[in-house]
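Below you'll find the structure, written out as structure tokens, and then a few comments.
The basis for the numbers below is simple: all heavy atoms, side chains too, and nothing from hydrogens, waters or symmetry mates.
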Amino acid sequence: MAEKAPSSGPSPYNKDELNPPDFLNEAFFLGVLQKVEKDRDLKIAKFEMIPGTKAGDHFASIMFKAIISYTSRGKEVNSRSLVVKTMPVEEGVKKEMFTEMPIFDREIEMYTKVLPEMVRLMESIGDFEELAPRMLYYSTDPLIIIFEDISKFGYEMHQGFLDFDNAIKIVKKLAKFHALSFYINDNKYAHKFDFTKYKGIMITENTIDKMQILADGLVAMKEEVETWPGFEKIAGKIDEVRLTFLRKLLSVYHPNPEPGFNVLCHADFHIKNMMFIKNGEDIDKIFLLDFQMCFWGSQAVDLIYVLYAIGNAATRARKGEVVSIYHKTFNEYLERLGCLRKGPSLLELNIDIMKHGQLEILLGLCFLPFFSLDFTKVDMDQVMDPTPEMMAQMQRMIYKNPDVVDILKEVLPSLLYKGLLD
């Protein structure tokens with residue numbers, strides 16, 4: 001039975017995760033566990049389904065946790081927790097948008113082909129760091145992916161953005177992930193991989209119209225910004241940017257032309273798509289999550305995410321160090337792998353980040369304010385499927401939030417001086 005939301009106030013869970021689809025029943029999980037445990041005689045003693053995450057922790061799919069007690073080969077397993085990810089089933093913007101994106105097919109490929117090859121390579125050079133949670137089961141009809149619940153091992157999500165030292169730990173893991181894909185591609189015939197088939201998913205000719213809601217939000221931003229002394233010029237430029245930046249973003253989701261440098265981008269590399277084991281406020285271990293948007297493209301894409309969707313303002317102020325540490329780690333790992341092709345120089349990498357600067361508008365002006373919200377105080381039903389009136393009201397609320405105002409007063413001048421608002 002699904003866990004019930006409180007009777008008043010915003011629900012701590014997404015509405016579409018309160019009641020799982022009918023096919024996620026005890027009989028289904030009996031078959032899953034019999035395959036996982038390789039035991040046809042396995043018997044379930046207790047079965048419960050609850051929402052998988054808190055409101056605002058993820059957006060594309062719907063997620064649940066199956067809490068199961070069972071007996072296998074005479075051994076009793078008490079309260080094993082499985083994380084279940086499937087496609088939205090309720091009609092609305094969420095289902096409409098993501099049914100047109102091949103996000104489940106992409107993630108299944110990552111977990112069945114790409115990540116296992118990366119792990120094999122890492123272990124071949126004595127590196128046993130884990131990249132992602134273990135996938136236990138998948139189905140393409142219906143689309144379902146089931147993972148081991150890593151929260152049972154002490155992994156947790158982090159609320160808010162990270163300071164420089166903790167953000168750098170993620171940067172180094174990202175550099176390793178990128179270097180592995182770069183090496184595999186450089187040896188594509190030995191590894192039988194064609195990363196170039198992984199095209200951009202988030203913003204394409206097919207999805208750009210549905211992303212218009214992001215651009216429309218800049219109207220409310222402009223109305224707020226033009227009331228700030230000294231920001232009149234920037235307010236005028238926001239209106240111009242709103243009309244053009246989405247189409248300019250299309251090029252960000254294409255690879256650099258050969259002989260340019262490309263890697264497998266995570267492409268949804270924000271703080272809610274990873275879990276951590278922490279020692280107080282310090283990160284000890286990192287698991288990357290949600291490989292649904294991965295595509296073959298510029299390293300700049302994920303690095304820009306680090307600055308706007310992982311690190312705090314102090315981290316953004318040290319952008320040069322962030323990029324330099326990433327570059328050093330990336331090249332050192334390529335050497336460790338024995339890669340014959342050299343990666344980009346630090347100058348080439350910085351130039352590539354500038355060339356992909358349109359992504360800074362999406363992340364800095366559209367996503368960063370959104371990630372700054374306290375989702376325990378927000379009705380996520382209105383966020384995910386709002387009426388035009390509700391959307392306008394919510395946008396005005398977001399851009400009047402003091403924390404968002406502080407962020408925009410930092411980010412907007414930076415975008416202006418880079419020429420990204422022209």
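- Residues satisfying the side chain to side chain contact (heavy atoms under 4.5 Å, CB included) criterion with K285, sequence neighbours excluded, are Y155, I277.
- Counted by atom type alone, T329 and E332 present zero donor-acceptor pairs between their side chains at under 3.5 Å.
- The nearest pair of heavy atoms linking L346 to H327 is N-NE2, 3.2 Å.
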I'd like a table of donor-acceptor pairs (distance under 3.5 Å, sequence neighbours excluded) in which one partner is a side-chain atom from residues 170-177, with atom names and distances.
{"unit_1": "K173", "atom_1": "NZ", "unit_2": "E129", "atom_2": "OE2", "d": "3.0"}
{"unit_1": "K173", "atom_1": "NZ", "unit_2": "E130", "atom_2": "O", "d": "2.4"}
{"unit_1": "K173", "atom_1": "NZ", "unit_2": "I286", "atom_2": "O", "d": "2.5"}
{"unit_1": "K176", "atom_1": "NZ", "unit_2": "D127", "atom_2": "OD2", "d": "2.8"}
{"unit_1": "K176", "atom_1": "NZ", "unit_2": "E129", "atom_2": "OE1", "d": "2.5"}

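- Between F295 and H254, the distance from one ring center to the other does not fall under 6.0 angstrom.
- The closest donor-acceptor contact from the side chain of D284 to the backbone of K278 lies at 3.5 Å or more, if one exists at all.
- The heavy-atom pair separating Y111 from P133 by the smallest distance is CE2-O, 3.1 Å.
- L82 pairs in a side-chain contact (heavy atoms from CB on, under 4.5 Å) with only one of the listed residues (L136, V36, D149), which is L136.
- Classification of R106 and E109 as a salt-bridged pair fails, no side-chain N sitting under 4.0 Å from a carboxylate O.
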Going through the checks in order, is the salt bridge (charged side-chain N to carboxylate O under 4.0 Å, His left out) test met by E226 and K233? CA-CA 8 Å; E226 63 188 0; K233 179 180 179 181; over 6 Å; no
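- Salt-bridge annotation for K85 and D290: present, with a side-chain N of the basic residue lying under 4.0 Å from a carboxylate O of the acidic one.
- Side-chain N or O atoms of S324 include none that pairs as donor or acceptor with a backbone N or O of E321 at under 3.5 Å.
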